[in-house]
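These figures come from a predicted structure and were not determined experimentally. Just so you know, these numbers use all the heavy atoms, side chains as well, and skip hydrogens, waters and symmetry mates.
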Protein chains: 2
Amino acid sequence: MTSTATIADASVTGDVSSPVRCCAPLASPALSDTEAGATAALFKALADPNRVRIVHLLATSPGPVCVCDLTEPLGIGQPTVSHHLRKLLDAGLVRREARGTWAYYSLDGDALDRLVRVADLTGITGAAGIAPAADTTEVTEET
Amino acid sequence: MTSTATIADASVTGDVSSPVRCCAPLASPALSDTEAGATAALFKALADPNRVRIVHLLATSPGPVCVCDLTEPLGIGQPTVSHHLRKLLDAGLVRREARGTWAYYSLDGDALDRLVRVADLTGITGAAGIAPAADTTEVTEET
DNA sequence: CACGAACATCGATGGATGTCGATGCACGTT
DNA sequence: AACGTGCATCGACATCCATCGATGTTCGTG
């Protein structure tokens with residue numbers, strides 16, 4: 001189906017006046033399926049309020065935090081906390097350190113850096129198709 | 001609910017040697033419930049491979065893109081594309097411009113900036129409880 | 001004025017996910 | 001050795017979500 005020559009026939013004249021077929025030949029997905037999935041997985045790890053709170057608690061804590069420290073401020077059961085921590089662990093956002101009976105969790109600074117980088121990558125700041133929000137131009141000079 | 005005063009009794013002795021009750025009183029969630037929810041919602045908007053691809057396509061496209069331009073590279077139906085675009089629209093990541101029969105979408109540069117800022121905010125880079133992911137355990141480094 | 005195209009919405013459905021209670025395991029104290 | 005504590009896992013359940021097909025609306029052309 002990708003052979004739709006009619007699409008190319010629509011031409012990229014730029015005028016959107018006639019309902020021919022529309023559809024200018026967009027760039028094919030330069031993002032591989034695997035990469036898109038990995039990026040989505042990283043975001044999905046933070047797509048829950050309680051996990052956001054966990055990351056925030058880990059960030060604001062002066063040191064590693066054990067599971068039982070999280071159940072109360074979050075207001076959820078211990079199995080659920082373990083569940084969320086596992087999600088964050090799988091995403092590589094936190095690190096686990098078993099210490100006797102306890103399990104201490106801490107943020108992975110490298111992962112957070114990766115997160116910021118992905119956020120930039122997603123938008124490719126400075127690309128063309130970005131509508132400047134308000135003040136036109138001036139679109140985040142980023143790094 | 002959870003009036004467990006015993007927790008405070010555990011005290012912040014700092015030594016984790018005896019299984020008294022553990023649980024040093026972590027800082028209460030400095031993140032408001034509303035804020036945590038908003039942050040999670042922003043991440044949730046990008047927690048899907050197809051939406052990541054859409055954002056990528058919008059970013060790499062030389063100009064605004066209509067819905068029919070997306071159905072083919074994504075390989076999903078038109079209603080589903082509209083569904084995803086609505087999610088991105090609700091999250092404020094894209095902007096919609098009706099133009100005759102077509103609807104043109106473009107990225108919202110301000111929203112992307114906000115995304116990067118939230119990613120920073122989530123981790124508060126430079127906070128204490130962050131493991132530098134240095135040489136120690138070498139993590140897994142995923143794929 | 002009638003037809004076709006693009007798009008949003010509706011209803012339905014299968015799969016993923018957050019939450020809980022109960023259970024099992026590891027470890028340190030008594 | 002026996003007990004208690006912290007934690008991960010299991011099974012179950014309710015809910016959310018991505019996807020599709022069908023439908024209705026709007027707009028431009030013949």
Nearest-angstrom distance from the residue atom CG of A/L88 to P of C/dT17: 14 Å
Using whole Å, what does the distance between atom C1' of nucleotide C/dC7 and atom CD1 of B/I54 come to? 14 Å
Tell me: CH2 of B/W102 to P of C/dA8, nearest whole Å? 14 Å
Check the phosphate of C/dA6 against B/Y105, side-chain N and O only, distance under 4.0 Å to OP1 or OP2. Yes or no? no
A/L74 has an atom CG; how far is it from atom C1' of C/dT19, in whole Å? 13 Å
Can you name the residues that form a side-chain contact (heavy atoms from CB on, under 4.5 Å) with A/K44, not counting sequence neighbours? B/A47
As a check of understanding: the bend across the helix from C/dC1-D/dG30 to C/dT30-D/dA1, end axes from five pairs, rounded to 10 degrees, works out to 20°
Roughly how many Å is it from CG in A/D90 to C1' in C/dT17, rounded to a whole number? 14 Å
Residues in side chain to side chain donor-acceptor pair (under 3.5 Å) contact with A/S82, at least two apart in sequence or another chain: A/Q78
Candidates C/dA26, C/dT9, D/dT9 - which lies nearest the side chain of A/T101: C/dA26
N/O (side chain, A/R99) to phosphate O (OP1/OP2, D/dG6) under 4.0 Å: no
Sequence-distant partners of A/A41, side-chain contact (heavy atoms from CB on, under 4.5 Å), two or more places apart: none
Measure from CD on B/E97 to P on D/dC27 and round the result to the nearest Å. 15 Å
Report, one line per pair, each donor and acceptor closer than 3.5 Å where one atom sits in a side chain of residues 83-92 of chain B; sequence neighbours left out.
unit_1 : atom_1 : unit_2 : atom_2 : d
B/H84  : ND1    : B/R51  : NH1    : 3.0

Check the distance between C/dA6's C1' and B/E72's CD and give it to me in whole angstrom. 14 Å
For A/A103, enumerate each residue passing the side-chain contact (heavy atoms from CB on, under 4.5 Å) test, keeping only those at least two apart in sequence or located in another chain. A/R96, A/Y105
Return the minimal non-hydrogen interatomic distance between B/V52 and B/L46, and the atom names on each side. CG2-O, 3.4 Å
Tell me, please, which residues at least two apart from A/N50 pass side chain to side chain donor-acceptor pair (under 3.5 Å). A/R53
For nucleotides 15-22 of chain D, print each protein N/O atom paired with a nucleotide N/O atom at under 3.5 Å, atom names and distance only.
unit_1 : atom_1 : unit_2 : atom_2 : d
D/dA18 : OP1    : B/R51  : NH1    : 3.2
D/dA18 : OP1    : B/R51  : NH2    : 2.7
D/dA18 : OP2    : B/H83  : NE2    : 3.1
D/dA18 : OP2    : B/K87  : NZ     : 2.8
D/dT19 : OP1    : B/N50  : ND2    : 2.7
D/dT19 : OP2    : B/H84  : NE2    : 2.2
D/dC20 : OP2    : B/G77  : N      : 3.0
D/dC20 : OP2    : B/T80  : OG1    : 3.0

Non-hydrogen atoms of A/D110 and A/D108 that approach each other most closely: N-OD1, 3.0 Å
If we only count heavy atoms from C-beta on, is the B/V94 to B/L107 side-chain gap below 4.5 Å? yes
